[in-house]
Amino acid sequence: MVSLLPGPVRAGGVDLKNHLILAAGVLGTTGASLQRVLSLGAGGVVTKSIGPFPNEGHAGPCLVVMEGGILNAMGLPNPSSDFVDELVPLQGEPVVVSVYGGSPEEFATVAGWFAGKARGVELNLSCPHAAGYGAALGADPRLVEACTRAVADLGIPVWVKLTPNVTDITACGIAAERGGARALVAINTVKAMRISTGMRRPVLGNRFGGLSGRSIFPIAVRCVYELYEACSIPIIGCGGVSSAGDVIEMMMAGATAVQIGSAVHSDLRVFERIAGELYSPDGEPSAELVGCAHV
Amino acid sequence: MSELLPTVTVITRVIRETPGITTLVFDREMVFNPGQFVMVWVPGRDEVPMALSTGTSITVQEVGDATRELCALSEGAKIGIRGPFGNGFSPRGRTLAVAGGVGAAPLLSCALKGKVETFLLGARTASELLFCDRLEECTELATATDDGSAGHHGRVGDLMAGRDLHGYQSILVCGPERMMEAVFHTLRQEGISARGQFSLHRYMKCGVGVCGSCCMDPGGLRVCKDGPVFPGDRLNGGEFGKYARDASGRKKNV
């Protein structure tokens with residue numbers, strides 16, 4: 001198998017311990033849980049999405065595990081500005097705060113709470129199940145650009161997490177780049193649903209949710225590949241990554257680093273496990289791999 | 001990953017245990033370790049974690065909208081169940097159980113299996129003492145009530161005084177966190193906190209260790225996946241007995 005030469009990793013203005021980052025929304029509710037994931041080998045962590053007001057999220061069921069994936073509609077639960085205190089013990093660690101809002105002004109307000117307290121912010125312009133937030137804005141390139149610019153003006157590295165639930169993801173990637181994004185994160189979950197045949201109603205409390213995990217990996221690879229062709233800022237791959245081979249494939253599509261989320265369900269030590277297989281003293285420099293599949 | 005969609009489950013019997021606590025018996029039997037929990041879907045309302053009281057039942061205390069709705073269900077009603085999840089209790093050797101209120105529910109199966117030598121049961125008042133008759137048949141039962149209407153007048157933890165706690169290899173504890181904290185304090189004073197097994201409650205959304213809503217300080221342990229039962233020596237110096245987080249993740253006192 002292709003392996004990587006270990007060495008310093010920098011993605012979108014953020015220094016990481018390795019190429020593997022905890023994806024937003026997974027185990028990111030408290031500082032202690034983020035610290036735990038870092039101690040278990042993550043090269044960086046992204047927090048739960050934080051918004052302008054405290055939010056309890058959707059009624060349950062909020063998440064179901066399926067063969068090949070996880071379907072969730074959490075509804076962006078978060079403690080809002082109280083989350084700033086969670087980061088106190090994580091000073092100096094590679095933490096990126098996921099931020100959401102309903103307008104460019106709200107994005108800037110929330111991101112401003114974390115200026116100087118996190119290495120960067122990741123704009124959630126892609127959650128598929130929160131009315132007025134996430135993909136509701138992120139499907140419109142003009143709003144993607146405006147939200148990105150409002151936060152980029154704060155001087156913090158800005159990553160923009162994109163939704164695959166659009167006809168052309170590159171239009172949103174280009175808009176984010178124009179707005180001053182330092183990296184694109186592709187992709188958020190794919191809008192989906194399941195129905196309980198016994199109950200004759202949707203399983204999720206919110207009816208619709210987002211699909212993650214193994215089954216969306218090919219969609220994520222395609223999106224990274226398309227964005228690499230259309231944009232010049234780094235791309236962070238996300239979606240169904242669960243092995244070292246997946247990481248290599250995502251990097252060959254154009255990813256500078258990758259995020260891992262659903263795979264922690266079956267293996268909390270997934271970061272250590274993948275890093276153990278991914279790096280080798282006689283591995284290739286990552287610069288030679290990123291985007292090499294563009295033929 | 002295996003398919004973990006909620007299994008539609010029919011309620012075959014409703015037992016009013018106390019004025020505020022109801023047992024719902026199902027049409028199927030689950031293989032489980034006592035102390036494990038299930039995510040119970042009340043269609044159109046919410047999904048809530050509930051301990052299994054036996055392989056065919058949950059025992060529910062009315063504390064909010066979803067549990068109120070659950071307790072009002074009749075025979076033939078359908079609920080969805082995911083699970084069982086979590087680790088459960090591991091009684092070894094001579095075992096003492098200490099329960100407060102509905103905390104007796106996850107400990108009932110341990111007692112019915114003959115794993116509990118002594119069972120200390122507390123409640124606010126006599127009519128709220130849960131499973132007394134069934135427990136008396138399989139353990140040495142001692143009770144306490146806050147108002148003195150049955151058993152010892154005071155806290156269930158008071159019943160530990162004068163007992164040879166060192167004679168028990170496992171001390172299983174479930175109940176309100178303040179009550180568990182008092183038991184924890186007693187075990188720590190005796191230098192045997194590691195023999196305690198405490199069943200924690202935290203706000204849960206996913207139940208399978210992904211969302212992070214039930215993570216505890218200081219180690220980031222997930223109550224749903226790493227617990228809900230934790231040995232006492234893992235609860236030192238953290239949020240246990242002090243605070244928990246609500247549905248939004250904001251801290252609140254326990």
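Throughout, protein chains are lettered first and strands after them, A, B, ... in sequence-line order, and every chain is numbered starting at 1.
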Which atoms of A/Asn55 are under 4.5 Å from chain B, going by heavy atoms: the side chain, the backbone, both sets, or neither? backbone
Mind checking the CD-CG spacing from A/Glu86 to B/Asp217? Nearest 0.5 Å is all I need. 6.0 Å
When rounded to the nearest 0.5 Å, the distance separating SG of B/Cys214 from CG of A/Leu27 is 9.0 Å
What option among A/Gly28, A/Gly261, A/Ser39, A/Pro54 has the most heavy-atom pairs under 4.5 Å with chain B? A/Pro54
Nearest heavy-atom neighbours spanning B/Arg250 and A/Pro79: CG-CB, 3.6 Å
Euclidean distance, B/Leu5 CG relative to A/Leu204 CG, rounded to 0.5 Å: 9.5 Å
Verify the neighbour count for atom NZ of B/Lys78: are there more than 12 heavy atoms of other residues, nucleotides or ligands below 6.0 Å? no
So which part of B/Asp65 gets closer than 4.5 Å to some heavy atom of chain A, the side chain, the backbone, both or neither? neither
How far apart are the closest heavy atoms of A/Pro202 and B/Trp41, and which atoms are they? O-CZ2, 3.6 Å
How about B/Arg28: does its CZ atom have over 12 heavy atoms from other parts shown lying under 6.0 Å from it? yes
So how far is it from B/Cys211 SG to A/Asn72 CG, rounded to the nearest 0.5 Å? 9.0 Å
Within 6.0 angstrom of B/Arg16 CZ, more than 12 heavy atoms from elsewhere: yes
Answer with side chain, backbone, both or neither: which region of A/Leu268 has an atom nearer than 4.5 Å to a non-hydrogen atom of chain B? side chain
With chain A, which of B/Gly207, B/Gly44, B/Gly80 has the greatest number of heavy-atom pairs at distances under 4.5 Å? B/Gly44
Using non-hydrogen atoms and a 4.5 Å limit, figure out which bit of B/Pro218 sits close to chain A: side chain, backbone, both or neither. backbone
Look up atom CD in B/Glu47 and atom NE2 in A/His58, then write down how far apart they are to the nearest 0.5 Å. 14.5 Å
Look only at the side chain of B/Asp46 and the backbone of A/Ala59, and say whether a donor-acceptor pair between them is shorter than 3.5 Å. no
So which heavy atom on A/Thr29 is nearest to which on B/Ser213, and how close? OG1-N, 3.9 Å
Testing B/Met204, B/Met39, B/Lys205 for side chain to side chain contact (heavy atoms under 4.5 Å, CB included) with A/Cys62, which one passes? B/Lys205
Do B/Val208 and A/His265 have side chains that get closer than 4.5 Å, going by heavy atoms? yes
Given 3.5 Å as the limit, does a donor-acceptor pair link the side chain of B/Arg82 with the main chain of A/Val65, or not? no
Partner chain A: residue of B/Val210, B/Val8, B/Ile79 with the largest heavy-atom pair count (under 4.5 Å): B/Val210
With a 4.5 angstrom heavy-atom cut-off, which part of B/Arg45 approaches chain A: side chain, backbone, both or neither? backbone
Name the option with the most non-hydrogen atom pairs under 4.5 Å to chain B; the candidates are A/Pro61, A/Gly198, A/Pro77. A/Pro61
Inspect the surroundings of CZ in B/Arg234 and state if more than 12 heavy atoms from other residues, nucleotides or ligands are less than 6.0 Å away. no
Kindly compute the distance separating CZ (B/Arg245) from OG1 (A/Thr30), expressed to the nearest 0.5 Å. 5.0 Å
With a 4.5 angstrom heavy-atom cut-off, could you sort out which part of A/Pro89 is near chain B: side chain, backbone, both or neither? neither
Nearest heavy-atom pair of A/Arg36 and B/Leu221: which atoms, and what distance? NH1-CA, 3.6 Å
Got a sec: does the NZ of B/Lys225 have more than 12 other heavy atoms crowding it under 6.0 Å? yes
Tell me whether A/Lys117 at atom NZ has more than 12 heavy atoms from other residues, nucleotides or ligands lying less than 6.0 Å away. no
